[in-house]
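These notes are about the structure you will find just below.
Both ligands and their constituent atoms are indexed starting at 1 by order of listing.
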Amino acid sequence: MNDQRRNAPPDSGSPAGTGSRPPRRRFSGRSWLITLVLVIIFDLLFYLPAMNTSNAGPQVTLSYSTFLAQVRANNIATAQIATDTATGNFRKPFHTANNTTNFTRYSTTLLPITDPTLVPLLEQQGVQITGQSTATPLWLTVLTLALQALPLLFLVGLFYFGARMARTQQQGVFGFGQSRAKVYTEERPNTTFADVAGVESAKAELQEEVDFLRDPGKYRRLGARIPKGVLLVGPPGTGKTLLARAVAGEARVPFFSISATEFVEMFVGVGASRVRDLFAKAKASSPSIVFVDEIDAIGARRGAGPLGGGNDEREQTLNQLLVSMDGFEPNEAVIVLAATNRPELLDPALLRPGRFDRQVVVDLPDRKGREAILRIHTRHIPLDPSLNLSAIAQSTPGMSGADLANLANEAALAAGRRGANTVTQADFDQALDRITLGAPGAALMNEEERRTVAYHEGGHALVALFLPGVDPVHRVTITPRGRSLGVTQFRPIDDRRNYRRTFLLDRMAVGLGGRSSEEVACEEITTGAQNDLQEVTRVARSMVTQLGMADELGPEYYGGSSDSALDGRRYAPWEPKEYSDETARRIDEAVHRLIEEAHQRARDIISAHRAALDAIATTLMREESLDGERLRSIVN
Ligand code: ADP
Ligand code: MG
Ligand code: ZN
């Protein structure tokens, strides 16, 4: 059905495949010029009546009094009287005191109140009086209307023009589709599994695909059905694209890749034809790999998404993909890999047997994985012998492979800026700060601001010191970073994946430590706590609605995406609420209670250790930055 559409443009005249056609432009430059001239002419016509040329000669504008005086002096010959003006000829030329022009004509504005003596006076002086109709002549009315409609006409013209442009472009793209221009890339990557670390189980699962591609016959002889579609699922930057290339590299087969996001921008029919091209080529080069990156862009479930529903292009492309996958002959060894970080959005049709029926999870690396990834990305960087990659791996929980690659590069850049020959621990620390906190800003100058920030950060640190359930404080500084004025950093002891209730409660208290300290030690509270409040509220809400940790509501799940509990992701705004208004009210109350309790705990700790807080704040104001050791020694 798309074929028909693609071939529809009567294009046989131009050589097939070039995609060029004579431009068909209605609004050429000349026609716009004509329109412009017309506008100007209209304008002239419009102003013509105002220039009233019936009686030539210089005309003076008189005040009403002067006009009356001239009538009385018998110097007015004629008067054409309209609603609010009178014009006419003098008997003798008139000139003013400071102007030598001899005016033969005058005009004056009549009074807004009717002057009953005017007409008798004019008659008495023998002035020839004519009335002037004020009704606007028909041609003028029409013209005025036409002029008023001009902007509208202009807009309509613009739309028309725009639509034509779009159509021309679309046809251009159709031409492109016919020309079978390549949109995918074809290569033979030399990436191998040795270039990917921290995702050992994914590598083990994909090894089977590699073996199959190396020797398809071996599996076929055994009658095994090798999955044709493998979906790589995991957060951004964990190495999904890298892994797909590594599979091709390991198997030494051609790798055809295409990013699904590109289809979304295309016109109907083009995406599907490109998918067809891609698969035709991959089959011809079998054994081979087809890789569809970010497949959720076309593979999203219908109606899942703010604009859910009809995106023709997306659906056609998706259908073509499914048809192409179903159409493999048993002797065609083509494996389709696809990557997504939103598997929950995918259309179930994609996950049916014979399609992407195998999912390989590519997760964020653990500590050992991070160390291995750092080793890969520092292979070509001269490292200082004292550098401890495993310590760096420990202080980078939650970072993806891409983050770590970036970290290694930033560290090398930092060493380069120093003019050094090797990269040191300090370079890594600096790079890590830069990545996680943003670039350092100018030091705080205002003494009162420094004091407030010192107490705010000191408050976080103090509460953390007295709540052993949370991660230990790594460092406190009052040097502005990114958009924050000060920072309290924690050093996680291990990679946690499972958090106890008390950990969350303590974390909320630490989060409110800054604001509480301002309340206790400063004259007034400040705006500095906004992020803290946001964070604390998010934790509290997750505890209530997703983690079943509020007694009032019990172990029930009220919505939100399950993994948004502890990372920064927000609810999908279109996700429907599945509880009553009454429950919504109770949720709000429970959230409020959790936050209030955390607030109270923070305040209690700060009030009980006021002297320690003062000591921390004073030292911070003097030294700008304190590490965990120093902090603990001050408090003891
Ligand atoms: P994804 O496709 O999952 O978003 P990519 O494969 O595009 O992630 O990763 C981007 C870059 O990050 C890679 O080119 C590689 O340099 C680095 N990287 C990511 N994950 C890993 C990993 N597990 N091992 C080594 N390098 C990685
Ligand atoms: Mg990718
Ligand atoms: Zn804070």
Side-chain angles (χ1 to χ4, degrees), residues 189 191-203 206 231-247 249 257-261 291-297 337-343 360-366 368-380 393 396 399-409 437 452-464 473 476-478 480-481 483-490 507-519 522 525-536 602:
T191 312
T192 66
F193 280 157
D195 299 314
V196 196
V199 285
E200 300 314 317
S201 63
K203 283 202 281 194
L206 290 169
L231 191 61
L232 303 173
V233 177
T238 45
K240 298 182 291 296
T241 308
L242 190 66
L243 263 175
R245 298 167 60 84
V247 171
S257 69
I258 191 161
S259 173
T261 49
F291 177 56
V292 185
D293 209 353
E294 307 186 59
I295 195 171
D296 42 293
L337 300 178
T340 180
N341 45 34
R342 311 292 308 274
V360 171
V361 176
V362 187
D363 224 338
L364 287 173
D366 60 6
K368 276 170 101 178
R370 289 195 299 273
E371 189 177 336
I373 294 172
L374 280 170
R375 249 175 240 302
I376 290 176
H377 288 284
T378 53
R379 272 195 300 224
H380 307 293
T396 48
M399 277 200 169
S400 67
D403 294 332
L404 293 167
N406 183 26
L407 174 66
N409 188 49
L437 305 174
T452 311
V453 176
Y455 269 98
H456 180 106
E457 299 306 330
H460 285 306
L462 184 75
V463 175
V473 178
V476 198
T477 86
I478 58 166
R481 277 276 182 183
R483 289 178 58 216
S484 62
L485 297 177
V487 181
T488 307
Q489 280 173 286
F490 299 90
R507 195 165 112 168
M508 285 169 61
V510 172
L512 289 167
R515 165 55 67 87
S516 303
S517 173
E518 289 182 29
E519 288 169 351
C522 301
I525 54 178
T526 69
T527 53
Q530 186 189 341
N531 273 343
D532 299 336
L533 302 188
Q534 209 174 357
E535 173 73 15
V536 165

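Between the side chains of D293 and S257, no donor-acceptor pair is found at a separation under 3.5 Å.
Note: an N/O pair closer than 3.5 Å links G239 and ligand 1 by distance alone. When only interatomic distances are considered, the shortest N/O to N/O separation between G237 and ligand 1 falls below 3.5 Å. Residue-to-ligand polar distances keep P236 apart from ligand 1: every N/O pair is separated by 3.5 Å or more. Considering backbone and side-chain atoms together, I376 places no N or O closer than 3.5 Å to any N or O of ligand 1.
Of the protein's heavy atoms, G401 C, 3.6 Å lies nearest to atom 18 (N) of ligand 1. Nearest to atom 2 (O) of ligand 1 among the protein's heavy atoms is T241 OG1, 2.7 Å. In terms of protein heavy atoms, atom 23 (N) of ligand 1 is closest to A197 O, 2.7 Å. The protein heavy-atom contact nearest to atom 12 (O) of ligand 1 is A402 CA, 3.2 Å.
For a distance bound of 2.8 Å, the N, O or S atoms of D532 include one lying that close to the Zn ion (ligand 3).
Counting heavy atoms under 4.0 Å from ligand 1, residue I373 touches it through the side chain alone. Of all the heavy atoms of D293, none lies under 4.0 Å from any atom of ligand 1, so neither backbone nor side chain is involved.
L364 is listed as a side-chain neighbour of S400, based on a closest heavy-atom distance under 4.5 Å. By the 4.5 Å heavy-atom criterion applied to side chains, H460 and V476 are not counted as neighbours. Side-chain contact between I478 and L485: absent, with no pair of heavy atoms (C-beta onward) separated by less than 4.5 Å. Looking only at side-chain heavy atoms (C-beta outward), V247 and F291 stay at 4.5 Å or farther from each other.
Contact between A339 and ligand 1 is absent, with no heavy atom of the residue lying under 4.0 Å from the ligand. Not a single heavy atom of R245 sits less than 4.0 Å from an atom of ligand 1.
S517 contributes no side-chain N or O that, together with a main-chain N or O of G514, makes up a donor-acceptor pair within less than 3.5 Å. In terms of modelled atom types and a separation under 3.5 Å, the side chain of K240 and the main chain of G234 share a donor-acceptor contact.
Look at R379 and D195 and you find a salt bridge, because one of the NZ, NE, NH1 or NH2 atoms lies within 4.0 Å of a carboxylate O, short of that distance.
Residues R245 and P189 come closest through the heavy atom pair O-CG, 3.7 Å. Shown here for A464 and V473, the closest heavy-atom pair between the two residues is CB-CG2, 3.7 Å.
The distance from ligand 1 to the heavy atoms of D195 drops below 4.0 Å at these ligand atoms: 24 (N), 25 (C). Taking every non-hydrogen atom of H377 and a distance limit under 4.0 Å, the qualifying atoms of ligand 1 come out as 15 (C), 16 (O), 17 (C), 25 (C), 26 (N), 27 (C).
With a 6.0 Å radius and a threshold of 12 heavy atoms from other residues, nucleotides or ligands, E200 has its CD atom above the threshold.
Angle NE2(H456) to the Zn ion (ligand 3) to NE2(H460): 100° [nearest 10 degrees].
Nearest to atom 27 (C) of ligand 1 by heavy atom, out of L242, L364, D363, is L242.
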